[in-house]
Amino acid sequence: MNTLLFFSEVTRLESNDYVGFTFFVGSMAMMAASAFFFLSMSSFDKKWRTSILVSGLITFIAAVHYFYMRDYWATIHESPVFFRYVDWVLTVPLMCVEFFLILKVAGAKKSLMWKLIFFSVIMLVTGYVGETLDRDNAWLWGLVSGLAYLAIVYEIWFGTAKKLAVAAGGSVLSAHKTLCWFVLVGWAIYPIGYMAGTPGWYEGIFGGLSLDVVYNIGDAINKIGFGLVIYNLAVNASKKDVVV
Ligand SMILES: *C/C=C(C)/C=C/C=C(C)/C=C/C1=C(C)CCCC1(C)C
């Protein structure tokens with residue numbers, strides 16, 4: 001087989017294929033972030049290593065899905081809805097675990113973690129049903145999903161998680177605050193993608209947007225950003241350990 005023939009069999013990325021492009025860049029960014037988190041682990045005190053490990057796992061799981069979704073899109077030009085949600089159902093609960101891990105210093109209980117995971121699974125399963133099995137009622141599923149999302153927002157901004165963060169104080173409190181903003185603003189990107197890609201009364205508001213481009217941007221901001229907040233917390237907390 002000569003080189004020319006080989007290249008003609010590779011699925012090509014057209015220069016105006018923004019969805020394909022964001023899948024491509026997304027897979028690289030997730031991979032690079034994973035390498036960064038994994039390789040930095042050993043430089044931190046033991047008590048932060050699990051948090052950094054989880055940051056790396058989040059971006060690594062996403063990277064594997066992105067490589068797959070990129071090919072899926074390039075080959076059949078359809079939204080890889082199923083794998084998108086498999087990715088989320090693995091990574092979003094891990095983000096809930098991150099809240100628990102950083103608040104453990106203030107005595108966070110596992111029940112807090114399971115509560116956040118429970119709401120996140122409701123949020124994702126109902127979103128999946130709205131995008132696939134019952135698209136005619138996408139608005140209703142989106143609404144239920146949105147309520148579960150708000151329950152997470154409430155819990156971390158005003159609930160037990162918030163109280164624990166205040167009790168922990170210092171760099172844990174400020175990391176918690178930043179993560180809260182990620183959930184409030186960064187995660188709010190996703191319903192926009194959902195509304196752009198499902199039928200409903202909101203059709204046309206986000207009409208020009210592509211669901212996948214919006215989701216891909218959201219993932220890059222949230223997964224890598226979240227991890228960097230944890231990384232930054234580990235750096236600050238380790239510094240203090242030396243001073244004290
Ligand atoms: C790494 C992936 C993340 C952080 C994914 C987060 C996904 C959401 C916050 C999705 C939320 C949705 C709603 C709030 C309503 C419409 C349906 C969803 C699932 C897109």
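When a ligand or atom number is given, it counts from 1 through the structure's own listing order.
- Ring geometry for Tyr231 against Phe36 counts as tilted: the plane angle lies between 30° and 60°, on a 0 to 90° scale.
- Using cut-offs of 30° and 60° on the angle between ring planes, the pair Phe23 and Trp73 is tilted.
- In this structure, a donor-acceptor pair under 3.5 Å is present between the side chains of Thr22 and Asn216.
- Scanning the protein heavy atoms around atom 16 (C) of ligand 1, the nearest turns out to be Tyr194 CG, 3.5 Å.
- Residue Met95 approaches ligand 1 through these ligand atoms, each under 4.0 Å from one of its heavy atoms: 4 (C).
- Closest to atom 14 (C) of ligand 1 among all protein heavy atoms lies Pro191 CG, 3.6 Å.
- Heavy atoms from other residues, nucleotides or ligands lying under 6.0 Å from CZ of Phe206 number more than 12.
- Those atoms of ligand 1 with a heavy atom of Val92 less than 4.0 angstrom away are 2 (C), 3 (C), 4 (C), 5 (C), 6 (C).
- Close approach to Tyr85 involves these atoms of ligand 1, each under 4.0 Å from a residue heavy atom: 19 (C).
- Taking the six-membered ring for Trp and thresholds of 30 and 60 degrees, Tyr85 and Tyr128 have ring planes more than 60 degrees apart, a perpendicular arrangement.
- Across the listed options Met195, Met123, Met30, Met123 owns the non-hydrogen atom lying nearest to atom 9 (C) of ligand 1.
- Here the protein heavy atom with the shortest distance to atom 13 (C) of ligand 1 is Ser145 OG, 3.2 Å.
- Near Thr91, the atoms of ligand 1 lying under 4.0 angstrom from a non-hydrogen atom of the residue are 1 (C).
- Relative ring orientation between Tyr190 and Trp88 is described as perpendicular, the plane-to-plane angle rising above 60° on a 0-90° scale split at 30° and 60°.
- Using a 4.0 Å cut-off between heavy atoms, Phe226 makes no contact with ligand 1 at all.
- Between Phe99 and His176, the ring-plane angle classifies as perpendicular under the 30° and 60° cut-offs.
- Proximity of Tyr128 to ligand 1 is not established, as no heavy-atom distance is less than 4.0 Å.
- The contact set between ligand 1 and Gly142, taken as ligand atoms under 4.0 Å from a residue heavy atom, comprises 15 (C).
- For the side chain to side chain contact (heavy atoms under 4.5 Å, CB included) test with Phe226, the passing option among Leu94, Ile221, Val183 is Val183; the others fail.
- Distances below 4.0 Å separate heavy atoms of Trp187 from the following atoms of ligand 1: 4 (C), 9 (C).
- Neither the backbone nor the side chain of Glu131 comes within 4.0 Å of ligand 1, counting heavy atoms alone.
- Nearest heavy-atom pair across Cys96 and Ile117 is CB-CG1, 3.8 Å.
- The atoms of ligand 1 that sit less than 4.0 Å from any heavy atom of Asp219 are 1 (C), 2 (C).
- Taking all heavy atoms of Tyr190, Trp141, Tyr149, Phe182 into account, the minimum distance to atom 3 (C) of ligand 1 is reached by Tyr190.
- Set against the non-hydrogen atoms of Tyr215, the atoms of ligand 1 under 4.0 Å away are 20 (C).
- With rounding to the nearest 0.5 angstrom, the CZ atom of Phe82 is 8.5 Å from the NE2 atom of His65.
- Here the protein heavy atom with the shortest distance to atom 2 (C) of ligand 1 is Lys223 NZ, 2.3 Å.
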